[in-house]
Structure formats: structure tokens, C-alpha cells
Amino acid sequence: MSTVFVQLSDLHIRQPGQLTYRRIDTAAYLKKAIQSISNRQEHISAVVITGDLVDFGRVEEYGHLAKLLEPLSMPVYLLAGNHDHPVHLREVFSSHSYLGTQGPIQYCVDIGSISLVALDTSVKNASHGELAADQLAWLSHVLDLNKDRSVVIAMHHPPFLTGIHHMDQQNLKVGNDSFKQLIAQHKNIQHIICGHVHRPISIQYAHTVASIAPSPAHQVALDLMPDGPSRWLLEPGAYRMLTAIPGQSIVNHMAYVDSFDGPYPFYENGRLID
Ligand SMILES: [Fe+2]
Ligand SMILES: [Fe+2]
């Protein structure tokens, strides 16, 4: 039997009534995504949210997020991104026991036939990501325990370059080589799912596939020029649907959450670009 689970990423929820970058009603976009997930006919085993859950790590923002997530009937697994605050996240989501009570927010849970291993790449007061030696040791231990299972690794910061330079400057900066070595040693790792870059992107990584999910709200502009500015736009929001079909590797679908006519103007520093 197939296992299907959803990956949402980069929700950037603010307090009720406040807009991200003064323009984006991220809560409205998340509501649409949750409606879309709830309306699906497939059995969705879980929803995994790969960080930047809220915009400023505030308790009120996590409270708003908790309310928005209420309609989801399946287990929801939360990861920390660079916009998150681990103490406030754990405080508001205290019923999510997998989050633990201290240290990095890292855990391993079963989702149907999959073992999901969630890592915490966030660094206090920084945009980039890191994996410390003790986190890599924990990962090695968990991978050994799950060597007979299909494993998916989830992490906010991608451990690879995308060619979008202003985002590549804040990807995983510490622990990359050791992480890649660990991945290469475990051929049962089926997929590495990331967030942070707000675009659908994928790459071969060691023997496996690493991918990034778009946001259900704002996307980062596709601009591969070395001096490309940091711009976002309201291209269609989306989420991933990872599908484990017995006898083959995982299929990674992308589902749009709404219908869109375009055009999609660019914004830079909150300013509309002609
Ligand atoms: Fe983000
Ligand atoms: Fe991020």
C-alpha cells in the first residue's frame, strides 16, 4: 500500500491582521492550502512543515499558526527554520511531544512505511543553517536504527547550491561534508526534503534526491544572475505530496493551492518593480 504525506514549507505566519513584508496575507494563503489538503480524496498520512513556520518567532504568531492548523485531521510535524524561535515554538505546541523540551528540534517519527528524520539547521539570530557535530552524531545513530526502513530526511536549509545567489549565501554552511558522507553511507535514504528557498527545486544528492518545496504564499524570484537581487513574487502557492509506492523510490508531486491568472509582478524590499 502506498504512503502519501504532504510537505508544506515557509508559512511565515504573522499575528492576526498583520501582513508579511507589509503586503502578503500569509494566513489567507495557508488557509487555502489547508482547505486544498483537507479536500483531497487520497489518504494523507501526515503533514510535515519544513520551517519558517512564522515570521518573527513570536508567541502570538505561533498561537495564530496553531489555530490555522486546527482543521487538519492527520498528524502534523513541525520543523524549525531561521525565522523560528525554538522556545516559543515548543511553548505554544507543547502537545507536540516529538518536539522535545530542549536542544535542537530533531526527531524521528514513522509515517506509514516511511521513517521521517527531522533535523534542526536553524542558528540563533542568523539566516544561514548549520549542523553541529552532536547533531550529526545523533543523525548517524538514528540512521543506524532505521537501516531497514525507507527514510526521508527533512531540514529547513538546503545542503546544496541552487544558483539563486542571494539564497545560496544563507544555505547550510556548516556540517555539509559530514552530512553528505552520512547520506552516502545509507542507501535506504529515499529523499531529502528542504524549504527556505521558496521555489520547487530538486537535485541528485549522493545516491538520493534532495528537493525544496515552494511556499503556499510568496515565492523567491527565479534569477540565476550572480548579482541577482533578493526579490519575491506571488507566483502560485503550492505544497508537495510525497508518495511512496512499494517497489520504487518516492515520487514527489507538487500541488497548487489555488487558480491564478497572473501576471506575477516582482517586489524588491517591499517595493513593486515594473
Ligand atoms: Fe522562508
Ligand atoms: Fe528560511
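We count ligands from 1, going down the list as the structure has it; atoms in each ligand are counted the same way. In what follows, residues are counted from 1 in the order of the sequence shown.
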Could you tell me whether any N, O or S atom belonging to His196 is less than 2.8 Å from the Fe ion (ligand 1)?
no
Kindly confirm whether the Fe ion (ligand 2) is within less than 2.8 Å of some N/O/S atom in [X]?
X      : result
His157 : no
Asp10  : no
Gln170 : no

Can you tell me which N/O/S atom of Asp52 has the shortest distance to the Fe ion (ligand 1)?
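Looking only at N, O and S atoms of Asp52, the one nearest the Fe ion (ligand 1) is named OD2.
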From the N, O or S atoms in His198, identify the one nearest to the Fe ion (ligand 1).
NE2
Go through the side-chain N and O atoms of [X] and [Y] and say whether any donor and acceptor fall under 3.5 Å apart.
X      : Y      : value
Ser36  : Tyr239 : yes
Ser113 : Thr3   : yes
Asn82  : His156 : yes
Asp227 : His165 : no

Less than 6.0 angstrom from the centroid, inside 45 degrees of the normal: does Arg58 satisfy that with respect to the ring of Phe56?
yes
